[in-house]
Amino acid sequence: MTYRINEIFETLQGEGTFTGVPSIFIRLQGCPVGCPWCDTQHTWDVKQEDQVSVATMMAKPEATSEWAEMSSADIVELIKQRGYRAKHVVITGGEPAMYDLRELGEALEAQGMRLQIETSGTYALLITAGTWVTVSPKLDMPGGYLVRSDCLSRADEIKHPVAMQKHIDALDRLLQGQKLKSDVVICLQPISQRPRATELAMKTCIERNWRLSVQMHKYLNIE
């Protein structure tokens, strides 16, 4: 089993429940959902001409669509070679649920690491039982993909981007009648840190006892 890796880096998790936690990010290439505000659009397409060596991928000075093919063992070894100390691993994309992540998850957990996947909820989840699932539901996107009920019921966290009231209304419709975990965390995340969106998200979180996610990494200017 191999994975198309756009980048691997160590930083702080900037969003959701684990905000501020030192984390190793593994970003996978490929996503057909097509969110207009996506800040990683360079990960959407998988082109053979963009395949590079692991060394070239790791040395990229800026975000590009270049990717390297790596096995689970390759990834574990790279983390060791880099001397990364974080024990929290975030598997993201792109859309990471396009891949079968069980082998990679088992390899990382065997190293004493905790896994989190950030997904749009549009693909069936092939993950380890211990993986923390963050679903950021993407509704009515150009790709035409539907958010899966089985992803929502597996979610430990639902992190929803909002700019206007209609986005909160859409989340309400999505969750209506949905069987969720009793302790699921629901986060609202203002799109692009817009002041009106932030004010709306704060107000709604207080009213509903939800959590605000403010994309701390963008304020700190880190990855």
Side-chain angles (χ1 to χ4, degrees), residues 3 5-28 31 35 37-40 43 63 75-76 78-79 82-97 99 101-102 104-121 123 125-138 147 151-162 171 175 180-193 198 201-202 204-206 208-223:
Y3 303 90
I5 307 296
N6 180 276
E7 57 181 339
I8 299 176
F9 58 94
E10 188 176 46
T11 185
L12 298 175
Q13 170 62 288
E15 301 177 355
T17 299
F18 295 103
T19 295
V21 173
S23 303
I24 298 166
F25 275 73
I26 301 174
R27 188 177 304 283
L28 299 174
C31 182
C35 305
W37 63 81
C38 177
D39 56 6
T40 57
T43 66
I75 293 169
V76 169
L78 184 144
I79 289 171
R82 290 269 162 167
Y84 293 158
R85 299 179 61 84
K87 292 299 182 181
H88 186 76
V89 177
V90 182
I91 303 177
T92 187
E95 175 46 71
Y99 295 82
L101 298 170
R102 290 171 291 190
L104 176 59
E106 290 167 359
L108 292 168
E109 288 174 346
Q111 302 299 313
M113 296 176 174
R114 173 183 59 198
L115 269 69
Q116 175 186 6
I117 181 176
E118 297 181 338
T119 175
S120 63
Y123 283 80
L125 296 172
L126 300 174
I127 56 175
T128 65
T131 298
W132 174 278
V133 175
T134 298
V135 174
S136 184
K138 303 302 191 293
V147 177
C151 290
L152 290 172
S153 62
R154 174 63 178 82
D156 298 288
E157 174 181 48
I158 296 171
K159 179 162 59 67
H160 191 58
V162 298
L171 178 63
L175 299 184
L180 303 175
K181 289 186 175 182
S182 60
D183 57 350
V184 65
V185 179
I186 299 181
C187 299
L188 295 184
Q189 186 162 288
I191 294 175
S192 300
Q193 296 80 50
T198 301
M202 289 172 58
T204 306
C205 285
I206 292 171
R208 303 192 183 193
N209 197 31
W210 288 354
R211 183 173 297 186
L212 182 70
S213 177
V214 294
Q215 293 188 296
M216 180 188 74
H217 56 291
K218 293 187 177 180
Y219 289 97
L220 297 178
N221 196 29
I222 59 176
E223 286 193 86

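Given the structure is predicted, the values throughout are model-derived calculations rather than measurements.
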With sequence neighbours left out, what residues match [X] under side-chain contact (heavy atoms from CB on, under 4.5 Å)?
X: Thr40; result: Arg27, Cys38, His42, Thr43
X: Leu212; result: Pro190, Ala201, Met202, Cys205, Val214
X: Arg114; result: Phe18, Val21, His88
X: Thr204; result: Ile168, Leu188, Leu200, Arg208, Trp210

Distance-minimising heavy-atom pair for [X] and [Y]:
X: Arg154; Y: Ala129; answer: NH2-O, 3.2 Å
X: Pro161; Y: Ile191; answer: CB-CG1, 3.8 Å
X: Pro96; Y: Gly93; answer: CD-N, 3.9 Å
X: Arg102; Y: Thr128; answer: O-CG2, 3.8 Å
X: Ala97; Y: Leu125; answer: CB-CD2, 3.9 Å

Would you find a donor on one side and an acceptor on the other, under 3.5 Å apart, between the side chain of [X] and the backbone of [Y]?
X: Thr134; Y: Glu118; answer: no
X: Glu157; Y: Cys187; answer: no
X: Thr119; Y: Gly121; answer: yes
X: Ser213; Y: Glu15; answer: no

Using a 4.5 Å cut-off on heavy atoms from C-beta on, say whether the side chain of [Y] contacts that of [X].
X: Ile158; Y: Leu175; value: yes
X: Gln116; Y: Thr92; value: no
X: Leu171; Y: Pro137; value: yes
X: Leu126; Y: Leu101; value: no
X: Val185; Y: Asp156; value: no
X: Leu104; Y: Ile75; value: yes

In Å and rounded to the nearest 0.5 Å, what is the [atom1] to [atom2] distance from [X] to [Y]?
X: Ile79; Y: Ile24; atom1: CD1; atom2: CD1; value: 4.5 Å
X: Ile127; Y: Glu106; atom1: CD1; atom2: CD; value: 11.5 Å
X: Tyr3; Y: Ile8; atom1: OH; atom2: CD1; value: 12.0 Å
X: Lys181; Y: Ser153; atom1: NZ; atom2: OG; value: 9.0 Å
X: Ile26; Y: Phe9; atom1: CD1; atom2: CZ; value: 10.5 Å

How far apart are the C-alpha atoms of Trp132 and Thr17, what are their side-chain angles, what is the distance that settles it, and do they pass the side-chain contact (heavy atoms from CB on, under 4.5 Å) test?
CA-CA 10 Å; Trp132 174 278; Thr17 299; 3.7 Å; yes
Can you list everything that forms a salt bridge (charged side-chain N to carboxylate O under 4.0 Å, His left out) with Lys87? Sequence neighbours excluded, please.
none
One thing to verify: whether Arg82 and Glu10 come together as a salt bridge, which I'm taking to mean a side-chain N less than 4.0 angstrom from a carboxylate O.
no
Residues in side-chain hydrogen bond (donor to acceptor under 3.5 Å, both in side chains) contact with Ser23, at least two apart in sequence or another chain:
none
